[in-house]
Novice: 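My structure is below; once you've seen it, I'll send some questions.
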Amino acid sequence: MSEDKAVTSEDKGVDVPAQRSAGDAASREVLLKVTGLQKHFPIKKGMLQRNAGAVKAVDGIDFEVRSGETLGVVGESGCGKSTMGRLITRLLEPTAGKIEFEGRDITHLGVGAMRPMRRDMQMIFQDPYSSLNPRHTIGTIVGAPFKLQGVTPDGGVRKEVQRLLEVVGLNPEHYNRYPHEFSGGQRQRIGIARALALNPKMVVADEPVSALDVSIQAQVVNLLDDLQSELGLTYVIIAHDLSVVRHVSDRIAVMYLGKIVELADRESLYRAPMHPYTKALLSAVPIPDPKRRSVKSERILLKGDVPSPISPPSGCRFHTRCWKATEVCKTQEPPLAALKTGHQVACHHPENAPDQVPGETVTAAAREAIQIVDVSKPEADDPEAGETAADGGAASPDTPEDSTKE
Ligand SMILES: Nc1ncnc2c1ncn2[C@@H]1O[C@H](COP(=O)(O)OP(=O)(O)O)[C@@H](O)[C@H]1O
Ligand code: SF4
Ligand SMILES: [Mg+2]
C-alpha cells in the first residue's frame, strides 16, 4: 500500500463539505468514457429457449466521468441504474457500445485481462446484509481483495485491514467479529473498507444508503465524501431519488427507461431542471432551508408506473407520463443535446430552456398525466403522500400550472 493512501482517524470530519465547483470538474481528465452503451437481456421462451424479445435495461447511453469527481445517477426503480453500474465495472458484458477506462477500451476484456483492472474499479452494493458473507469474520471479508489479487500490503494483511477499519470509522479490534454483530450502517462501512482495500481509482456505489435508516444515511454519505477528498477517489453514486446525491455530486445523470434524459452540473440541475421527469423527481426532495419552508410547496405526482423496458414507448419514452407531451413526442425520440454549457437534456419541450419544437399542442392524455399536490401543510394532512417515487417537497415556481388548471 502506498504512503499517500494513509489516512488517520483524526482526518475524518463529518460535515458535508462546502459546495463544489463545477468548473473544477470540467477541467479534470476523463477517467471513464461510455459511448452508445447497451445491455439487452434476452428473454427465452419454451422448451427450445427461443428468443422472445429482450429487456432493454440500458439502451444507448453516453457519458464521461472525470477524475476526482462524483457523478450521481438517479431514476426510479427499473430504469437501468444498477445494470449501468455493473456494465461500467464490467461485472456484466455489454450488448453494444464502448467503455473506455483511462483511455483503454475495456468493453469486451475477458476475466483474465480484467483482473488487474479490477483493482482500479470497485463496487459498493445496496444491501449491506446480503453482500457480506455471514460465515466470515470482517477481517477475512475486508482482507479478501488482497488474497484475490495476490497482493501483500506493507506490514501484512492484518495490519492493513485494521488500518482500513479505522479509516471507515470502525474499531480495528473488531477484526475477528462476524457481520451479524454489526448494525446496518457499520456493515456498509465494512463494505466500503473492502472496496477501498486495493486503493481503487473509481468506486461505483449502487444505492449505498437506500437500505439504511434515514438517520444513518447522512453519516455514510459523509464518510464516502470524506474518503473521496482524502484518497482522490472518483465516484459514480447511484440513488433512486435526488436527496441522497444532492450534496455529494458534481454532476448528475437522470435515467429513465434505459436512457439518460438529463445530464448536468449539480447546481444547474437543481436550480433549473430541464426535463419534466427531473422536475417531478425534484419535487420529491424536501427543501432543506427552513426559511423557504413557508413558500407554497407542491409535489408533482406522476401517475402510473415506469412502462416495461421490453417494449418501451415510441418517441420519447416519457411521453406516456409527461404533462407536456405533444404528437411529436410520440413519434420522434428527442436527442440528448446541450441546451446550455454543462447541461444536456433529451426533450422537445424542456423546462427552463427554449422550446425545441414550438407550435405543438399538448395532447389530451398529457393533461391527465399528473396530479399536483399542495404539500405546504404537514404530510399527515395529505392522504396521497408517498404514492409514487415523485412524492414530497416543493416544486419550483414555474410548475406546469397551465396543464393542470383545467
Ligand atoms: N439479469 C437480468 N435479466 C433480465 N432482466 C434484468 C436483469 N437485470 C435487470 N433486469 C431488468 O432490467 C431493468 C433495469 O433493471 P436495473 O438495472 O436493476 O434498474 P434499477 O437499478 O434502476 O432499478 C429492469 O426491468 C430489470 O427487471
Ligand atoms: S415534453 Fe415530450 S419530449 Fe419532453 S419529456 Fe415530455 S414527452 Fe418527452
Ligand atoms: Mg438498482
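Note that ligands are numbered from 1 as they come in the structure, with each ligand's atoms numbered from 1 the same way. Nothing here was measured: the structure is a model prediction, and the numbers come from that model.
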Novice: Report the nearest protein non-hydrogen atom to atom 3 (S) of ligand 2: residue, atom name, distance rounded to 0.1 Å.
Specialist: H348 N, 3.2 Å
Novice: Between D62 and G36 (side chain of the first, backbone of the second, donor and acceptor by atom type, cut-off under 3.5 Å), is there such a pair?
Specialist: yes
Novice: What residue and heavy atom of the protein are closest to atom 16 (P) of ligand 1, and at what distance?
Specialist: T83 OG1, 3.7 Å
Novice: Looking only at distances, can you tell me whether any N or O atom of A57, backbone or side chain, sits closer than 3.5 Å to an N or O atom of ligand 1?
Specialist: no
Novice: One residue to check: S82. Relative to ligand 1, which of side chain, backbone, both or neither has a non-hydrogen atom less than 4.0 Å away?
Specialist: both
Novice: Please list, in number order, the atoms of ligand 1 under 4.0 Å from a heavy atom of S77.
Specialist: 23 (O)
Novice: For atom 4 (Fe) of ligand 2, what's the nearest protein heavy-atom neighbour? Residue, atom name and distance, please.
Specialist: C347 SG, 2.2 Å
Novice: Does any N, O or S atom in S82 come within less than 2.8 Å of the Mg ion (ligand 3)?
Specialist: yes
Novice: Applying side chain to side chain contact (heavy atoms under 4.5 Å, CB included) between V65 and each of L32, V30, V204, report the one that passes.
Specialist: L32
Novice: Can you label the angle between the F318 ring and the Y256 ring as parallel, tilted or perpendicular, going by 30° and 60°?
Specialist: perpendicular
Novice: If you have a sec, work out which protein heavy atom is nearest atom 19 (O) of ligand 1 and how many Å separate them, to one decimal?
Specialist: G80 N, 3.1 Å
Novice: Using 4.0 Å as the upper bound for N to carboxylate O, is an ion pair formed by R163 and E166?
Specialist: no
Novice: For the residue pair T326 and H348, confirm or rule out a side-chain donor-acceptor distance under 3.5 Å.
Specialist: no
Novice: Do Q356 and C347 have side chains that approach each other closer than 4.5 Å (heavy atoms only, starting at C-beta)?
Specialist: no
Novice: Side chain, backbone, both or neither: which part of V55 has a heavy atom under 4.0 Å from ligand 1?
Specialist: side chain
Novice: Which atoms of ligand 1 sit under 4.0 Å from any heavy atom of C79?
Specialist: 19 (O), 20 (P), 22 (O)
Novice: Is the number of heavy atoms from other residues, nucleotides or ligands under 6.0 Å of K340 NZ greater than 12?
Specialist: yes
Novice: Does P309 reach ligand 1 with a nitrogen or oxygen that is under 3.5 Å from one of the ligand's nitrogen or oxygen atoms?
Specialist: no
Novice: Within ligand 2, which atoms have a heavy atom of P276 less than 4.0 Å away?
Specialist: 5 (S)
Novice: Check ligand 2 against H349 and write out every atom of the ligand that is under 4.0 Å from a heavy-atom position of the residue.
Specialist: 1 (S)
Novice: Any atoms of ligand 2 less than 4.0 Å from a non-hydrogen atom of H275? List them with their elements.
Specialist: 5 (S)
Novice: Which atoms of ligand 2 are found less than 4.0 Å from any heavy atom of C316?
Specialist: 3 (S), 5 (S), 7 (S), 8 (Fe)
Novice: Taking R118 for its side chain and T89 for its backbone only, find out whether a donor-acceptor pair lies under 3.5 Å.
Specialist: yes
Novice: Take D250 and R66, measure what salt bridge (charged side-chain N to carboxylate O under 4.0 Å, His left out) needs, and give me the verdict at the end.
Specialist: CA-CA 10 Å; D250 296 292; R66 300 175 195 123; over 6 Å; no
Novice: Ignoring hydrogens, what is the shortest heavy-atom contact between S131 and D127? Give both atom names and the distance.
Specialist: OG-O, 2.9 Å
Novice: Measuring to atom 6 (Fe) of ligand 2, does C322 have an N/O/S atom at a distance below 2.8 Å?
Specialist: yes
Novice: Restricting to non-hydrogen atoms, name the atom on G72 and the atom on V245 that form the minimum distance, rounded to 0.1 Å.
Specialist: CA-CG1, 4.2 Å
Novice: Using 2.8 Å as a strict upper limit, say whether an N, O or S atom of C329 approaches atom 2 (Fe) of ligand 2 that closely.
Specialist: yes
Novice: Going by distance only, is there an N or O of F41 that falls short of 3.5 Å from an N or O of ligand 1?
Specialist: no
Novice: Any protein heavy atom sitting closer than 4.0 Å to atom 27 (O) of ligand 1?
Specialist: no
Novice: Assess, by modelled atom type and distance only, whether the side chains of E262 and Y277 contain a donor and an acceptor separated by less than 3.5 Å.
Specialist: no
Novice: Can you pull out the closest protein heavy atom to atom 20 (P) of ligand 1? Residue, atom name and distance to 0.1 Å, please.
Specialist: G78 N, 3.4 Å
